[in-house]
Amino acid sequence: MRRPPPPPSPMAQPKSFIWTRRIFLTLLTVFTLAPVYVMLSSSLKPLQDVQGSFRWIPSGFTFRPYIDIWHTVPLAKYFVNSVIVSVSATVASVAVAIFAAYAVSRYRFKGRKFFTVTVLSTQMFPGILFLLPLFLIFVNIGNSTGIALYGSRGGLILTYLTFSLPFSIWMLVGYFDSIPRDLDEAAMVDGCGPLGALFRVVVPAAVPGIVAVSVYAFMTAWGEVLFASVMTNDTTRTLAVGLQGYATQTDVYWNQVMAASLVVSVPVVAGFLLLQRYLVVGLTAGAVK
């Protein structure tokens, strides 16, 4: 005798919800990938085809724009500048944030709450408010001491620290708070000092949070345009500003702009895909205690 089918589970989702979710995710995927397809297809077209009416299916392809982008503007020099500035700003931000976050998380001192609120409150202000003060500070330092911060990579690194460091400290404080203090105490019983406990116990346990902070600091420095356009010159210009060189007074090389934009995005996308697992864990642990 054939058994009747089991009754549906009370937790089972209705078919209408499942199909609605599928349709919504499909539309969201199309909406997200359409600009990427436009960039990719435009980067493989001759300039006259890009300047004409857009076609979803190109009539022909050429890899010439990916060769010309290195000669139209000194893209290789801009790439080196972006790598040096972004990596240096990331390393400095993470190094300082680790010590500051460990002190805030593990020690109770006078002004601790005020320091935490002040660090977090800096994220409320738009970056353009700091542009003129930093410019004047760098110029005055250069005039009085001879240290050229304006127009140098070092000055740009210090500028990016003002944005990435407060958020990095706040995020690592939340992650360090989620690590049991018993680990620190056990390390000190074994003969470690505060720094030994930090580097031998806390830092290895906080790798996901440190990776998340590193990715945030790198992405902030890699794609920043406002300060890079003011604080740099022809020698220290970064990629985000260097892309403007493909627009001349008479023409805009749109196919090269699209090709260069894709090339610029490769390091960030590759790093995000490689560190995605650590990034998700670090953001979750740092936000929810």
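None of these values were measured; they are calculated from a predicted model.
Contact annotation: the side chain of L134 approaches that of F227 to within less than 4.5 Å [non-hydrogen atoms, C-beta and beyond]. Between L25 and R21 there is a side-chain heavy-atom pair separated by less than 4.5 Å. Two residues are said to be in side-chain contact when any heavy atoms from C-beta on lie closer than 4.5 Å; I128 and L226 meet this criterion. Side-chain atoms of L262 and M258, non-hydrogen and from C-beta on, never get closer than 4.5 Å to each other. Side-chain contact between T220 and Y160 is absent, with no heavy atoms from C-beta onward closer than 4.5 Å. Between N255 and L44 the shortest side-chain heavy-atom distance does not fall below 4.5 Å. Looking at V257 and L243, their side chains never come closer than 4.5 Å, going by heavy atoms from C-beta outward. Contact of the Y175 side chain with the P208 side chain is registered, since non-hydrogen atoms from C-beta on lie closer than 4.5 Å.
Atom CG of L27 is surrounded by more than 12 heavy atoms from other residues, nucleotides or ligands within 6.0 Å. Heavy atoms from other residues, nucleotides or ligands lying under 6.0 Å from CZ of R200 number 12 at most. Other residues, nucleotides and ligands place more than 12 heavy atoms under 6.0 Å from the CZ atom of F163. Within a 6.0 Å radius of CE in M39, more than 12 heavy atoms belonging to other residues, nucleotides or ligands are found.
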**Message:** The test is side chain to side chain contact (heavy atoms under 4.5 Å, CB included); show your working for I98 and V213 and say whether it passes.
**Reply:** CA-CA 10 Å; I98 287 176; V213 169; over 6 Å; no

**Request:** Test K45 against F61 for side chain to side chain contact (heavy atoms under 4.5 Å, CB included), laying out the working first.
**Result:** CA-CA 5 Å; K45 295 179 182 179; F61 294 96; 6.0 Å; no

**Prompt:** What do the steps show when you test V202 against L183 for side chain to side chain contact (heavy atoms under 4.5 Å, CB included), and what is the final call?
**Reply:** CA-CA 8 Å; V202 178; L183 296 178; over 6 Å; no

**Message:** Between F115 and V104, does the side chain to side chain contact (heavy atoms under 4.5 Å, CB included) criterion hold? Intermediate values first, please.
**Reply:** CA-CA 9 Å; F115 171 79; V104 174; 3.6 Å; yes

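Listed for the K77 side chain is no donor-acceptor partner under 3.5 Å among the backbone atoms of R237.
Taking CZ from R22 and OG1 from T20, the interatomic distance works out to 10.5 Å, rounded to the nearest 0.5 Å. With rounding to the nearest 0.5 angstrom, the CG atom of D68 is 9.0 Å from the OH atom of Y246. If you take CG on L156 and CD1 on I84, they are separated by 11.5 Å, rounding to the nearest 0.5 Å. For the atom pair CG of L149 and CZ of F135, the computed distance is 12.5 Å after rounding to the nearest 0.5 Å. With rounding to the nearest 0.5 angstrom, the CD atom of Q256 is 8.0 Å from the CG atom of L47. Here the straight-line distance linking atom CG of N140 with atom OG1 of T145 works out to 10.0 Å at 0.5 Å rounding.
In this structure, V173 is a member of the same hydrophobic cluster as V201, with clusters built from ILVMFWY side-chain heavy atoms closer than 4.5 Å. Residue L28 is not grouped with residue I18 when hydrophobic side chains (ILVMFWY) are merged at heavy-atom distances under 4.5 angstrom, including chains of intermediate members. Transitive grouping of hydrophobic side chains (ILVMFWY, heavy atoms separated by less than 4.5 Å) brings V203 and L165 into a common cluster. V83 and V215 end up in the same hydrophobic cluster when Ile, Leu, Val, Met, Phe, Trp and Tyr side chains are linked at under 4.5 Å. Hydrophobic cluster membership is shared by L132 and L158, with clusters built from Ile, Leu, Val, Met, Phe, Trp and Tyr side chains linked at under 4.5 angstrom.
Of all heavy-atom pairs between P204 and V207, the closest is O-CG2, 3.2 Å. The nearest pair of heavy atoms linking A221 to A89 is CB-CB, 4.4 Å. Closest approach of A206 and I179 over heavy atoms only: CB-CD1, 3.8 Å. Contact detail for L161 and S93: the closest heavy-atom pair is CD2-N, 3.5 Å. The two residues S42 and V38 come nearest to each other via the heavy atoms OG-O, 2.7 Å.
Applying the side chain to side chain donor-acceptor pair (under 3.5 Å) test to every pair with at least one member in residues 80-90, sequence neighbours left out, gives these pairs: N81-R153.
Y102 pairs by the side-chain hydrogen bond (donor to acceptor under 3.5 Å, both in side chains) definition with D184, not counting sequence neighbours. Take Y66 and apply the side-chain hydrogen bond (donor to acceptor under 3.5 Å, both in side chains) test, not counting sequence neighbours, and it matches S43.
Proximity of the aromatic rings of F99 and F199 is defined here by a centroid distance below 6.0 angstrom, and this criterion is met. Ring centroid separation for the pair F79 and W222 comes in under the 6.0 Å cut-off.
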